[in-house]
Structures are given as structure tokens and as C-alpha cells.
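Reckoned from all heavy atoms, side chains included, excluding hydrogens, waters and symmetry mates. Given the structure is predicted, the values throughout are model-derived calculations rather than measurements.
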Amino acid sequence: MKKWYEEEYEFEIEVIGFLRGDHTERYCRNGEELGDKYQCTYGCPVNADGYGICSKVMMMLYPIMEAIRSGGDLENIGGESKYSKVIVCPDGCVIFKLTAKPLGHENFFKGKFYES
């Protein structure tokens with residue numbers, strides 16, 4: 001892999017709760033624990049141990065992350081602020097909080113980085 005583009009946003013996804021009890025054994029295949037954090041820019045989020053976020057959660061996160069990259073405001077879709085939103089995994093097990101941090105770099109498409 002040879003990353004060449006300075007991304008516009010950094011994302012953090014943190015486990016902030018559970019819908020059923022106080023642990024995820026026997027119902028969350030990823031084994032999430034309170035305080036687990038995942039980070040990424042454009043790629044899929046990984047934690048400090050190098051493990052990736054659940055693929056089902058990623059299906060939910062991707063359109064929200066794209067909304068942010070497109071200049072959107074997450075308050076328009078129920079977010080706590082322009083750059084944060086709480087989501088529940090598709091299995092109804094784990095509660096995550098997505099937070100975006102602007103990095104100040106130019107937008108990929110507006111900057112025409114795809115042109116040679």
C-alpha cells in the first residue's frame with residue numbers, strides 16, 4: 001500500500017454502551033468492550049491492537065462518514081453535533097459513537113487529485 005493523499009478527516013469510533021447487559025460475550029462476535037476505540041481516515045477503522053471493526057457496523061458507518069466528507073452536518077440525521085453521532089450495531093448489541101475531526105486538507109474531488 002502506498003498512501004499518497006492527505007485525507008480531510010480522521011474518524012474515531014468508540015464503544016460507549018451495550019443494549020443487553022454489561023458485556024458482549026455470547027452475542028457480539030467481535031467481542032467489543034466499553035471504551036474500545038477504532039480509528040481511521042479513509043480505510044476501515046482498526047483498534048490499537050490492529051483488529052478491524054465489525055463488518056456489519058462498517059456498513060452503517062460508511063454512508064455517515066461519506067456525509068461528513070461531503071460537507072454534511074450530522075445533526076441533520078440525529079447527530080449530537082456536526083461531527084458526532086451515536087449508532088447502534090445492526091445486531092442491536094453495541095452502542096458506538098462516531099466522531100470526525102477535520103484535518104484541514106483539500107477535498108479529494110474539488111482538489112481534482114484524480115486527474116493526472
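Taking every heavy atom of both residues into account, Glu7 and Lys3 meet most closely at OE2-NZ, 2.7 Å. Across Pro45 and Ile13, no two heavy atoms sit closer than the pair CG-CD1, 3.7 Å. The minimum heavy-atom distance between Glu32 and Asp36, with the atom names listed, is OE1-OD2, 3.4 Å. When every heavy atom of Asn30 is checked against every heavy atom of Tyr38, the shortest pair comes out as ND2-OH, 3.5 Å. Looking at every heavy atom in both residues, Cys44 comes nearest to Met58 through SG-CG, 4.3 Å.
A distance of 11.0 Å separates NZ in Lys85 from CG in Asn76, rounded to the nearest 0.5 Å. Once rounded to the nearest 0.5 Å, the distance linking NZ of Lys56 with SG of Cys89 reads 8.0 Å. For the atom pair OH of Tyr27 and CG of Asp91, the computed distance is 10.5 Å after rounding to the nearest 0.5 Å. The line from OH of Tyr83 to NZ of Lys101 is 12.5 Å long, rounded to the nearest 0.5 Å. To the nearest 0.5 Å, the span separating CZ on Phe96 from CD on Glu14 amounts to 10.5 Å. Taking OG1 of Thr41 as the reference point, atom CE of Met65 lies at 8.0 Å (rounded to 0.5 Å).
When the side chains of ILVMFWY residues are joined at heavy-atom separations under 4.5 Å, either directly or via intervening members, Met60 and Phe11 end up in a single hydrophobic cluster. Hydrophobic cluster membership differs between Val15 and Val46, with clusters built from Ile, Leu, Val, Met, Phe, Trp and Tyr side chains linked at under 4.5 angstrom. When the side chains of ILVMFWY residues are joined at heavy-atom separations under 4.5 Å, either directly or via intervening members, Tyr51 and Met1 end up in two distinct hydrophobic clusters. In this structure, Ile68 is a member of the same hydrophobic cluster as Ile77, with clusters built from ILVMFWY side-chain heavy atoms closer than 4.5 Å. In the hydrophobic cluster analysis, where Ile, Leu, Val, Met, Phe, Trp and Tyr join through side-chain heavy atoms closer than 4.5 angstrom, Val57 is grouped apart from Ile16.
Within a 6.0 Å radius of CZ in Arg20, other residues, nucleotides and ligands contribute more than 12 heavy atoms. By the 6.0 Å contact criterion, CD on Glu106 is enclosed, its count of non-hydrogen atoms from other residues, nucleotides or ligands being greater than 12.
At a threshold of 4.5 Å between non-hydrogen side-chain atoms, the residues Val94 and Phe18 count as touching. Annotation: side chain of Val86 is in contact with side chain of Glu80 (closest heavy-atom distance under 4.5 Å). Residues Phe108 and Arg69 form no side-chain contact, since every pair of their non-hydrogen atoms from C-beta on lies 4.5 Å or further apart. Between Leu19 and Cys93 there is no side-chain heavy-atom pair separated by less than 4.5 Å. In this structure, the side chains of Glu8 and Pro102 stay at 4.5 Å or more apart for every pair of heavy atoms.
A donor-acceptor pair under 3.5 Å links the side-chain atoms of Asn47 to the main chain of Asp49, judged by distance alone. Within the 3.5 Å criterion, the main-chain N or O of Tyr5 finds no donor-acceptor partner in the side chain of Tyr42.
No option in Leu98, Leu61, Ile95 other than Leu61 meets the side-chain contact (heavy atoms from CB on, under 4.5 Å) test with Ile87.
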